[in-house]
Asker: 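Handing you this structure, nothing more for now.
Since the model is a prediction, treat every value here as computed from it, not as a measurement. Proteins get letters first, then strands, A, B, ... in listed order; numbering begins at 1 in each.
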Amino acid sequence: MPRRSKDALSWRLYAQIIECQFGRVVVASTQAGICYCGFVKDHIGALDELRKRFPSAIVVETPCHGVSATWHEMVRVAFTNRFQGDIPLDLEVCSTVFQRRVWNALCQIPFGTLSTYGKIASDIGAPGASRAVGTAIGKNPVACIIPCHRVICSNGQIGNYHWGSDLKRALIEWEQSVLR
DNA sequence: GAGTGCGTATAAG
DNA sequence: CTTATACGCACTC
């Protein structure tokens, strides 16, 4: 598959807003898979986020069709029931090898369990790079699908979260309540 | 090159 | 238990 960069020629981004128990979520996909999924305040905020993250993309808001519609429906279900890892992702846009290695490690954390920044660093063969891992996790473009909320500090503190630590806590508690 | 950030281990208050 | 400090590394400008 061709490697895209944010400086490449314009390309289409299919966007849709989903309402879930944790708030409003914008989902965006390319022809290859979901490339963004994040919590937003409102419609304007969603567009701002997408334009900022993917400056060269043409954002298409018309109702999705074809595979995009299928993927978005999978995300909607994931957010209302239980997050599963079999949703096609397109993370090649604006990301580094290190980041993708971190994100891949996050996908190995089972639903309802927790890990730490330091452990993830060791898992990907970069012991001591916990802070770099934190930064990479913070750039995770697909909330919950790549479960960055399952990583906390080694001392048990909640740690930071791109979309707010209260939301992180809520996601962790919800996962654990589902398992009970 | 210098500055930054979703960390960690250690030591002291 | 909380705060301070030194160290860590990928990334950005």
Side-chain angles (χ1 to χ4, degrees), chain A residues 3-11 13 18 20-28 30 34-42 45-46 48-57 75 78-79 82-85 87 89-178:
Chain A
R3 172 86 166 77
R4 268 190 311 276
S5 82
K6 62 179 169 184
D7 300 321
L9 291 175
S10 60
W11 44 285
L13 195 58
I18 290 172
C20 75
Q21 59 181 316
F22 301 104
R24 195 163 289 153
V25 174
V26 62
V27 184
T30 66
I34 303 291
C35 67
Y36 185 78
C37 176
F39 298 93
V40 289
K41 192 158 68 75
D42 52 29
D48 285 347
E49 181 64 41
L50 293 179
R51 276 197 282 262
K52 185 172 149 198
R53 252 183 129 107
F54 309 104
S56 66
V75 173
F79 270 84
R82 178 170 169 163
F83 309 132
Q84 311 262 23
I87 297 171
L89 300 177
D90 180 9
L91 306 180
E92 296 292 305
V93 188
C94 313
S95 68
T96 66
V97 171
F98 182 81
Q99 285 164 359
R100 290 195 294 273
R101 205 176 294 155
V102 170
W103 300 340
N104 197 51
L106 299 187
C107 294
Q108 311 304 315
I109 308 172
F111 184 96
T113 64
L114 299 173
S115 188
T116 68
Y117 299 98
K119 183 163 187 319
I120 297 294
S122 301
D123 289 347
I124 64 171
S130 58
R131 197 154 189 191
V133 165
T135 304
I137 291 178
K139 298 210 168 133
N140 169 30
V142 283
C144 299
I145 303 173
I146 289 179
C148 58
H149 58 283
R150 292 178 197 155
V151 183
I152 63 172
C153 298
S154 63
N155 64 6
Q157 288 189 308
I158 190 77
N160 284 306
Y161 191 57
H162 184 75
W163 292 282
S165 46
D166 286 342
L167 184 51
K168 182 175 185 176
R169 211 183 313 270
L171 288 166
I172 291 170
E173 285 174 6
W174 173 75
E175 288 197 0
Q176 291 176 350
S177 75
V178 168

Asker: Quickly work out the Lys119(A) NZ to dA9(B) P distance and round it to whole Å.
Answerer: 13 Å

Asker: Please report the distance, rounded to the nearest Å, between CD1 in Ile120(A) and P in dA10(C).
Answerer: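 Going from CD1 in Ile120(A) over to P in dA10(C) covers 16 Å.
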
Asker: Could you state the interatomic distance from CG (Leu89(A)) to SG (Cys37(A)), rounded to the nearest 0.5 Å?
Answerer: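 Between atom CG of Leu89(A) and atom SG of Cys37(A) there are 9.5 Å.
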
Asker: Expressed as a whole number of angstroms, how long is the span from Ile172(A):CD1 to dC6(B):P?
Answerer: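 Nearest whole value for this atom pair: 16 Å.
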
Asker: Where the side chain of Cys153(A) is concerned, which of dT12(C), dT8(B), dG5(B) is the nearest nucleotide?
Answerer: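 The closest nucleotide is dT8(B).
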
Asker: Give none if dG8(C) has no partner; otherwise give the nucleotide forming a Watson-Crick or G-U wobble pair with it, both distances under 3.5 Å.
Answerer: none

Asker: Just the rounded figure in Å: distance from P of dT4(B) to NE2 of His162(A).
Answerer: 20 Å

Asker: Check Pro147(A), Ser95(A), Cys148(A) against Trp103(A) for a side-chain contact (heavy atoms from CB on, under 4.5 Å) and give me the one that passes.
Answerer: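 Going through the options one by one, the only one that passes is Ser95(A).
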
Asker: With respect to the side chain of Ser130(A), which nucleotide from dG5(B), dG7(B), dC6(B) is positioned closest?
Answerer: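 For the Ser130(A) side chain, the nearest candidate turns out to be dG7(B).
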
Asker: Salt bridge between Lys119(A) and Asp123(A), side-chain N to carboxylate O under 4.0 Å?
Answerer: yes

Asker: Now, which nucleotide makes the Watson-Crick or G-U wobble pair with dC6(B), with each of the two distances under 3.5 Å?
Answerer: none

Asker: Nearest whole angstrom, please: distance from the C1' of dC9(C) to the CZ of Phe98(A).
Answerer: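 Interatomic distance, CZ of Phe98(A) to C1' of dC9(C): 7 Å.
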
Asker: Which nucleotide in the list dG5(B), dC11(C), dG7(B) gets nearest to the side chain of Asn160(A)?
Answerer: dG7(B)

Asker: Between P on dC1(C) and CD on Gln157(A), what's the gap in Å once rounded to a whole number?
Answerer: 11 Å

Asker: State whether Ser154(A) places a side-chain N or O below 4.0 Å from either non-bridging phosphate oxygen (OP1 or OP2) of dT8(B).
Answerer: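 Yes, because at least one side-chain N or O of Ser154(A) sits under 4.0 Å from OP1 or OP2 of dT8(B).
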
Asker: How close or far is atom P of dT10(B) from atom CG of Asn155(A), stated in whole angstroms?
Answerer: 13 Å

Asker: Map Arg131(A) and Gln99(A) onto DNA chain C by nearest heavy atom, then report which one ends up closer to the 5' terminus.
Answerer: Arg131(A)

Asker: Centre-to-centre under 6.0 Å for Phe22(A) and Trp174(A), is that the case here?
Answerer: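 So the answer is yes for these two rings.
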
Asker: Is a donor from one side chain sitting under 3.5 angstrom from an acceptor on the other, for Trp11(A) and Ser56(A)?
Answerer: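 Per modelled atom types, Trp11(A) and Ser56(A) side chains form a pair under 3.5 Å.
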
Asker: Using the C1' atom as the point on both nucleotides, what is the distance between dG8(C) and dG5(B), in whole Å?
Answerer: 12 Å

